[in-house]
Amino acid sequence: MIHKKGRRVILRTATMEDLEAIYYWKYVDKGQAAKKWNGPYIPEKQMTKTEFLKEWAND
């Protein structure tokens, strides 16, 4: 479902495909390039996919 559409951005409800991609890039990908920008002061706990999806649904 599209909530807001602009010329360059579309905001919509995340799909299961989106959540699969987010989980992969955050927890599975071996390179995790984005984490190179996090300092040691940003702790991140590891989650199973089930925990991740449950937390996402609660948010």
Side-chain angles (χ1 to χ4, degrees):
M1 168 180 240
I2 295 176
H3 296 285
K4 182 74 175 170
K5 184 174 181 177
R7 287 189 289 162
R8 296 180 185 226
V9 175
I10 298 174
L11 299 178
R12 60 176 172 75
T13 302
T15 64
M16 185 55 74
E17 186 176 283
D18 296 330
L19 297 177
E20 293 279 344
I22 292 168
Y23 182 81
Y24 173 81
W25 292 113
K26 187 169 176 103
Y27 297 107
V28 179
D29 180 46
K30 297 297 181 205
Q32 295 184 350
K35 290 192 177 183
K36 293 177 185 174
W37 301 101
N38 288 349
Y41 46 85
I42 303 175
E44 285 190 308
K45 63 180 182 179
Q46 285 293 315
M47 290 186 168
T48 65
K49 191 181 293 187
T50 302
E51 292 169 333
F52 173 77
L53 293 173
K54 188 175 184 178
E55 186 172 285
W56 186 278
N58 289 336
D59 283 347

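Everything numeric here is computed off the predicted structure, so don't read it as measured data.
Separation of atoms OG1 (Thr15) and CD (Glu17) is listed at 5.5 Å; rounding is to 0.5 Å.
The two residues Met47 and Phe52 have their closest heavy-atom pair at SD-CA, 3.7 Å. Taking both residues in full, the closest heavy atoms of Ile22 and Trp56 are given as CD1-CH2, 3.9 Å, listed atom of the first, atom of the second, then distance. Here the closest heavy-atom approach between residue Lys45 and residue Tyr27 is recorded as O-CE2, 3.4 Å.
The closest side-chain heavy-atom distance from Lys49 to Leu19 is not below 4.5 Å.
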